[in-house]
Amino acid sequence: MNYLAHAYLSFGQDEVLVGNFIGDFVKGKMMSGFPQGVQNGIKLHREIDLFTDTHPLVRAGQSYLRPTFRHYSTVITDIYFDYFLAKNWAKYSSIPLENFIQNTFVTLRHHRQLFPDRFANMFQWMEKDNWLLKYREIDGIKQTLTGMSRRTRFDSKMDVAHLALIEKEAEFEVIFFAFFKDLETFAREKLIEIRDSNAGH
């Protein structure tokens, strides 16, 4: 999943939020250098990504994209799902999206001393350009995917992936609603499981 979903699936817990955001930037022995709550967030991030990558509904959506976008289909569906989450935000939270995003950035800034260098560099741009709010509009999705396309080593065609979203928006939205319900249940239960496993040590 992409960053807005990871923020939402931190369930209002600050250290979990930080871990959920830096999860892709923490390798091996780095993990032990973080507070337990942040470690929980990193673990949750990885569990969310694995659940998403193996979910049959997500794979069904990716099967439509794969002939054109190949292995980049997984990245593209992650971005699509943030679009649907942002667009339908009121179904999931009573906090307005703009306020939720502002609170997310404030929390992350407060913990910036914990950021791995690569994430610290990216976070500057994430906040400056308000990536999380951009996901609410097709133009923002286009900008995000085009930016990612420039950074790939091969011709990903991600700069035109927004067109597939426009063409099949209704179908992808149905997939998102059904999948995200499963994901939210999974993430809540998994976070409890992660915390309980710490208590058992």
Using the six-membered ring wherever Trp is involved, compare the ring planes of Phe119 and Phe115 and label them parallel, tilted or perpendicular (cut-offs 30° and 60°). perpendicular
Return all side-chain donor-acceptor pairs below 3.5 angstrom for residues 121-132, not counting sequence neighbours, or 'none' if the list is empty.
from, atom 1, to, atom 2, distance (Å)
Asn121, ND2, Asp117, O, 3.4
Glu127, OE2, Arg109, NH1, 2.2
Trp131, NE1, Trp125, O, 3.4

If you take all heavy atoms of Leu65 and Tyr80, which pair is closest and at what distance? CD2-OH, 3.9 Å
Can you tell me how far the CG atom of Asp78 sits from the OH atom of Tyr135, to the nearest 0.5 Å? 10.0 Å
With a 4.5 Å cut-off on side-chain heavy atoms, are Glu47 and Glu193 touching? no
Kindly indicate, with the supporting measurements, whether the criterion side chain to side chain contact (heavy atoms under 4.5 Å, CB included) is fulfilled by Val16 and Arg195. CA-CA 11 Å; Val16 171; Arg195 278 205 305 263; 5.5 Å; no
Side chains of Leu4 and Thr104 in contact at under 4.5 Å (non-hydrogen atoms): no
Please determine whether the number of non-hydrogen atoms from other residues, nucleotides or ligands lying under 6.0 Å from atom NZ of Lys43 exceeds 12. yes
Checking Thr77 side chain against Thr74 main chain: does a donor-acceptor pair fall under 3.5 Å? yes
Met148 vs Thr152, test: side chain to side chain contact (heavy atoms under 4.5 Å, CB included). Steps then yes/no. CA-CA 7 Å; Met148 294 173 83; Thr152 58; 5.6 Å; no
What is the distance from atom CG of Leu17 to atom OH of Tyr8, rounded to the nearest 0.5 Å? 14.0 Å
Residues Arg70 and Asp155: closest non-hydrogen pair is NH2-O, 3.3 Å
Do you reckon Val106 sits in the same ILVMFWY cluster as Val18, going by side-chain contacts under 4.5 Å, direct or chained? no
Under a 3.5 Å distance rule, please check whether Asp82 uses its side chain to pair with a backbone N or O of Tyr3 as donor and acceptor. yes
Heavy-atom nearest pair, Val38 first then Leu114, reads CG2-CD1, 4.0 Å
Which heavy atom of Pro67 sits nearest to which heavy atom of Ser63, and what is that distance? CD-O, 3.3 Å
Output the distance between atom CD (Glu169) and atom CD (Glu167), rounded to the nearest 0.5 Å. 12.0 Å
Measure from the side-chain N and O atoms of Ser149 to the backbone N and O of Leu145, and report whether any donor-acceptor pair falls under 3.5 Å. no
Which heavy atom of Trp89 sits nearest to which heavy atom of Pro96, and what is that distance? NE1-C, 3.9 Å
Can you check side chain to side chain contact (heavy atoms under 4.5 Å, CB included) on His162 and Ile166, steps first, answer last? CA-CA 6 Å; His162 65 289; Ile166 292 168; 4.2 Å; yes
Are Glu98 and Arg136 within salt-bridge range, i.e. N to O under 4.0 Å? yes
More than 12 heavy atoms from other groups under 6.0 Å of NZ on Lys29: no
Examine the side chains of Gln13 and Asn40 and answer whether a donor and an acceptor come within less than 3.5 Å of each other. no
Given side chain to side chain contact (heavy atoms under 4.5 Å, CB included), test Thr52 with Phe186 step by step and report yes or no. CA-CA 10 Å; Thr52 301; Phe186 168 82; over 6 Å; no
Both conditions, 6.0 Å and 45 degrees, for the charged tip of Lys190 above the ring of Phe51: are they met here? no
Taking all atoms of both residues into account, what is the closest heavy-atom pair of Leu85 and Tyr92, and its distance? CD1-CD1, 3.8 Å
To the nearest 0.5 Å, what is the distance between CG on Asp159 and OG1 on Thr144? 13.0 Å
Determine whether Asp139 and Gln143 satisfy the following criterion, side-chain hydrogen bond (donor to acceptor under 3.5 Å, both in side chains), listing intermediate values before the conclusion. CA-CA 6 Å; Asp139 276 353; Gln143 283 179 37; over 6 Å; no
Please round to the nearest 0.5 Å and tell me the distance separating atom OG of Ser73 and atom NZ of Lys157. 11.5 Å
How many angstroms lie between atom CG of Leu57 and atom CG of Asp182, to the nearest 0.5 angstrom? 7.0 Å
Val174 and Phe176: same hydrophobic cluster, using ILVMFWY side-chain contacts below 4.5 Å? no
Centroid separation under 6.0 Å, is that true for the rings of Tyr83 and Phe172? no
Does some side-chain heavy atom of Leu163 sit less than 4.5 Å from a side-chain heavy atom of Lys142? no
Can you confirm whether Ile192 sits close enough to Arg188 that some side-chain heavy atom of one is under 4.5 Å from a side-chain heavy atom of the other? no
So among Ile76, Leu183, Val58, which one has a side chain to side chain contact (heavy atoms under 4.5 Å, CB included) with Phe81? Val58
Working for side-chain hydrogen bond (donor to acceptor under 3.5 Å, both in side chains), residues Gln39 and Asn198: CA-CA 10 Å; Gln39 291 187 40; Asn198 296 333; over 6 Å; no
